[in-house]
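In what follows, a single structure is set out as structure tokens and then discussed.
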Amino acid sequence: MPKSRATRIAPSILAADFANLGHAVRDVSAAGADLIHVDVMDGHFVPPITIGPAVVKAVRPFSTQPFDVHLMVTRPDDHLDAFVEAGADIVTVHAEVCPHLERTLRRIRSLGAQAGVSLNPHTPEDVLRYVLDAVDLVLIMSVNPGFGGQKFIPSALPKIRAIRELLDKAGREDVAVEVDGGVNLQTAPEIIAAGADILVAGTAVFGQADWRAAVSGLRA
Ligand code: DX5
Ligand code: ZN
């Protein structure tokens, strides 16, 4: 399990000031963010409603970093085109709501974006086994999705290791493992050690006074 690649930080704009979202995206990119993580919630798959493609399109010009769109919605297939058109570079869907997951992932790629699969804390990694060819990123939820500022669920750690191993054994060392929820200066080192490539961080970046120090602190 060679872990030579650099850890990337994806600040979640869910924790940013929605009244100044464009400037938050601009400033966090200047502060060293590697990706911009966008949490899309439909009030159905998860209780809150957040933002849609119109907002992604509006803030897209404020950064040249990839937009990492996390769809916490029950019918992701209905919205793939709109998010890619709005400027999503990575579109991640939840395995729990995709009865034809392989087809959904192929569709995302055919639109020109990278295809991600997210797993809720209780969802076993086995769902990935037969879609390994179609996946570009795996997003492991380390909280139950829906809210920022929750506590990291430790059972995510063996899951990160298991998924990294599954990918490497399949010859998919190129697939990024991303971890979302409860990432902070205390939890980041063990998450990275377990094999994560990308750390999503809402509170641990936007909740801090110095975003640059927050981003580089998580990376280190
Ligand atoms: C949770 C979202 C996360 C959230 C993380 O449903 O998917 O991206 O913003 O927030 P923190 O980093 O505060 O746990
Ligand atoms: Zn997220």
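Both ligands and their constituent atoms are indexed starting at 1 by order of listing.
For atom 10 (O) of ligand 1, the closest non-hydrogen atom of the protein is G148 CA, 3.5 Å. The protein non-hydrogen atom at the shortest distance from atom 6 (O) of ligand 1 is G146 N, 2.6 Å. Atom 13 (O) of ligand 1 has as its closest protein heavy atom T203 OG1, 2.4 Å. The nearest protein atom to atom 14 (O) of ligand 1, hydrogens excluded, is given as G182 N, 2.9 Å; this is a heavy-atom distance. With hydrogens left out, the protein atom closest to atom 11 (P) of ligand 1 is G149 N, 3.6 Å, a heavy atom. Remark: minimum distance from atom 3 (C) of ligand 1 to any protein heavy atom is reached at D180 OD1, 2.8 Å. The single protein non-hydrogen atom nearest to atom 12 (O) of ligand 1 is G202 N, 2.7 Å, given as residue, atom name and distance. Distance from atom 1 (C) of ligand 1 to its nearest protein heavy atom, with residue and atom name: F147 O, 3.6 Å.
Taking OG1 from T123 and CD1 from I140, the interatomic distance works out to 11.5 Å, rounded to the nearest 0.5 Å. D180 CG to L119 CG: the interatomic distance, rounded to the nearest 0.5 Å, is 12.0 Å. From S12, atom OG reaches atom CG of L35 across 12.0 Å, with rounding to the nearest 0.5 Å. Here the straight-line distance linking atom CZ of R26 with atom CD1 of I36 works out to 12.5 Å at 0.5 Å rounding. Atoms CE and CD, from M141 and E96 in turn, are 9.5 Å apart once rounded to the nearest 0.5 Å.
Between E102 and H100 the shortest side-chain heavy-atom distance does not fall below 4.5 Å.
Between E165 and R161, none of the side-chain N atoms (NZ, or NE/NH1/NH2) sits under 4.0 Å from a carboxylate O, so this pair counts as no salt bridge. Ion pairing of D42 with R75 is absent here, as no side-chain N (NZ or NE/NH1/NH2) approaches a carboxylate O to less than 4.0 Å. Salt bridge R103/D77: absent, no basic N to carboxylate O contact under 4.0 Å. A salt bridge does not link D168 with R172: none of the charged nitrogens is closer than 4.0 Å to a carboxylate oxygen.
Per-residue contacts place H70 under 4.0 angstrom from the following atoms of ligand 1 (heavy atoms of the residue considered): 7 (O). Using a 4.0 Å cut-off to heavy atoms of H37, the atoms of ligand 1 that qualify are 8 (O). Atoms of ligand 1 lying under 4.0 Å from at least one heavy atom of L14, given by number and element, are 9 (O). Of all atoms in ligand 1, listed by their number and element, those nearer than 4.0 Å to a heavy atom of M72 are 6 (O), 7 (O). Residue M41 has at least one heavy-atom neighbour below 4.0 Å for each of these atoms of ligand 1: 6 (O). The P145 neighbourhood of ligand 1 comprises atoms 6 (O), with distances under 4.0 Å to a heavy atom of that residue. Which parts of ligand 1 touch G181 is read off a 4.0 Å heavy-atom cut-off, strictly below it: atoms 14 (O). Near V200, the atoms of ligand 1 lying under 4.0 angstrom from a non-hydrogen atom of the residue are 8 (O).
Closest heavy-atom approach to atom 2 (C) of ligand 1 within the set D39, V205, T187, D68: this belongs to D39.
The aromatic rings of F62 and H23 lie perpendicular to each other, with more than 60° between the two planes, well past the 30° mark.
Partner of D89 under the side-chain hydrogen bond (donor to acceptor under 3.5 Å, both in side chains) criterion, out of Q65, Q114, R60: R60 alone. Partner of D34 under the salt bridge (charged side-chain N to carboxylate O under 4.0 Å, His left out) criterion, out of R219, R5, R8: R219 alone.
Under a cut-off of 6.0 angstrom, the local environment of CZ in R109 is crowded, with over 12 non-hydrogen atoms contributed by other residues, nucleotides or ligands.
Looking only at N/O/S atoms, D180 comes nearest to the Zn ion (ligand 2) through OD2. Within H37, the N, O or S atom lying nearest to the Zn ion (ligand 2) carries the name NE2. Closest approach between the Zn ion (ligand 2) and any N/O/S atom of H70 involves ND1. Taking the Zn ion (ligand 2) as reference, D39 places its N/O/S atom OD1 nearest.
Using 4.0 Å as the threshold, A201 has a heavy atom nearer than that to some atom of ligand 1.
Between S12 and ligand 1, an N or O atom pair is found at a separation short of 3.5 Å.
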